[in-house]
Amino acid sequence: MTTVTVRGEGSARAAPDEATLELAVESLRPTPAEALADVAARGETLVTLCHEVGIGPERRVTSGATVAEHREHVDGRWQHRGYRAASTLVVRVEDAELVGRLLAGAVERAQARVAGPWWTIGLDNAARLEACREAARDARRKAEAYAEALGARLGAIVAVREPGRTWPRDRGGQQVFAMRVADEPAAPPVEGGELQVSATVIVRFALEQG
């Protein structure tokens with residue numbers, strides 16, 4: 001049996017379903033206990049802030065907690081400068097309007113270093129299935145073009161394989177905020193826009209003599 005194998009590609013666009021933020025606090029103090037206590041207090045402030053804006057514990061996780069000696073290289077020698085503690089709270093936010101409030105609150109109330117947002121499309125978003133449909137249609141168009149050029153007719157589908165997914169691309173890039181302020185800052189405007197989700201499918205068709 002003569003066959004033709006083609007690669008179909010499709011894409012669709014949709015508003016993101018979720019944003020991820022990293023809220024990090026650091027402290028340099030003379031002793032490890034002092035550094036850790038300061039980070040712990042500011043970390044609790046971040047948790048309180050999340051609670052106030054309606055982000056539950058299931059949507060946040062603490063990662064990257066460290067306490068270590070801090071040294072600086074001065075005049076060819078390493079000199080002890082105290083102890084640095086750090087902790088990062090990773091937060092997932094569904095409401096884009098809350099992102100700006102969270103950024104401003106974390107900076108003002110906890111003197112946090114904020115990274116993000118990173119936008120994603122949920123697995124159940126209809127755009128994912130539309131991308132798959134477009135990939136399948138693209139595969140059939142290509143196979144029909146090959147069959148016509150070869151003087152054959154496109155037959156039945158012999159095999160279908162999905163080689164992998166392309167995750168949604170955040171075209172906005174990473175935004176990083178690191179500052180200390182005395183007055184409450186205005187919440188920065190945050191827009192999720194639209195992301196692109198892609199799909200690829202490998203389809204093998206039978207070729208029949210024309």
Side-chain angles (χ1 to χ4, degrees), residues 16-123 164-193 195 197:
D17 298 305
E18 186 176 87
T20 300
L21 298 169
E22 289 185 357
L23 314 177
V25 289
E26 295 183 356
S27 181
L28 181 61
R29 293 290 187 269
T31 68
E34 290 175 308
L36 185 59
D38 185 38
V39 163
R42 288 158 59 199
E44 283 298 324
T45 299
L46 292 177
V47 170
T48 299
L49 174 63
C50 289
H51 177 73
E52 291 173 357
V53 299
I55 301 173
E58 73 282 0
R59 304 192 68 79
R60 57 183 193 256
V61 60
T62 300
S63 67
T66 60
V67 181
E69 180 186 13
H70 179 70
R71 298 190 297 168
E72 295 180 357
H73 199 255
V74 180
D75 296 331
R77 299 174 53 191
W78 287 103
Q79 297 187 14
H80 174 80
R81 294 300 191 210
Y83 294 86
R84 183 181 299 278
S87 179
T88 300
L89 185 66
V90 180
V91 182
R92 295 181 293 114
V93 184
E94 289 184 323
D95 187 350
E97 294 183 359
L98 295 181
V99 174
R101 291 174 56 191
L102 194 58
L103 290 174
V107 170
E108 191 272 328
R109 294 168 56 177
Q111 294 78 53
R113 176 174 54 82
V114 182
W118 296 279
W119 304 96
T120 56
I121 291 178
L123 294 176
R165 288 196 301 266
T166 298
W167 292 102
R169 291 174 289 178
D170 178 357
R171 297 184 181 274
Q174 176 178 332
Q175 304 173 34
V176 177
F177 299 82
M179 63 186 77
R180 288 179 177 269
V181 293
D183 300 321
E184 182 175 356
V190 177
E191 298 181 3
L195 303 183
V197 59

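- T45 places none of its side-chain heavy atoms less than 4.5 Å from the side chain of V25.
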task: Report the C-alpha distance between V53 and V93 in whole Å, list the side-chain angles of each, state the deciding distance to 0.1 Å, and finish with yes or no for side chain to side chain contact (heavy atoms under 4.5 Å, CB included).
output: CA-CA 10 Å; V53 299; V93 184; over 6 Å; no

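- Between the R113 side chain and the T88 main chain, no donor and acceptor come within less than 3.5 Å of each other.
- Every residue two or more places apart in sequence or in another chain that forms a side-chain contact (heavy atoms from CB on, under 4.5 Å) with A35 is listed here: R29, A85.
- Among all heavy-atom pairs drawn from W118 and A115, the shortest one is CZ3-O, 3.5 Å.
- Listed by chain and residue number, E52 satisfy the salt bridge (charged side-chain N to carboxylate O under 4.0 Å, His left out) test with R109 (two or more places apart in sequence, or in another chain).
- Atom CD of E34 is separated from atom CG of L28 by 10.5 Å, given to the nearest 0.5 angstrom.
- For S63 against V90, the heavy-atom pair with the smallest separation is OG-CG2, 3.7 Å.
- How far CZ of R71 is from NE2 of H80: 10.0 Å, rounded to the nearest 0.5 Å.
- The heavy-atom pair separating P16 from I121 by the smallest distance is CA-CG1, 4.3 Å.
- Shown here for V67 and P32, the closest heavy-atom pair between the two residues is CG1-CB, 3.9 Å.
- With rounding to the nearest 0.5 angstrom, the CG atom of L46 is 9.5 Å from the CD atom of Q111.
- Minimum heavy-atom separation, T62 to S87: CG2-OG, 3.5 Å.
- Residues that satisfy the salt bridge (charged side-chain N to carboxylate O under 4.0 Å, His left out) test with R60, not counting sequence neighbours, are absent from this structure.
- Within the structure, every pair that satisfies the ring pair (Phe, Tyr, Trp, His ring centres under 6.0 Å) test and touches residues 56-76, not counting sequence neighbours, is listed here: H73-W78.
- With sequence neighbours excluded, the residues that form a side-chain hydrogen bond (donor to acceptor under 3.5 Å, both in side chains) with D17 are N125.
- Panel note: side chain R42, backbone A110; a donor-acceptor pair is recorded below 3.5 Å.
- The heavy-atom pair separating W119 from L195 by the smallest distance is O-CD1, 3.4 Å.
- Annotation: salt bridge (charged side-chain N to carboxylate O under 4.0 Å, His left out) contacts of E22 (sequence neighbours excluded): none.
- L23 contributes atom CG, which lies 8.0 Å from atom CG of L49 (distance to the nearest 0.5 angstrom).
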- request: Carefully, step by step, assess C50 and L89 under the rule side chain to side chain contact (heavy atoms under 4.5 Å, CB included).
  value: CA-CA 10 Å; C50 289; L89 185 66; 4.1 Å; yes

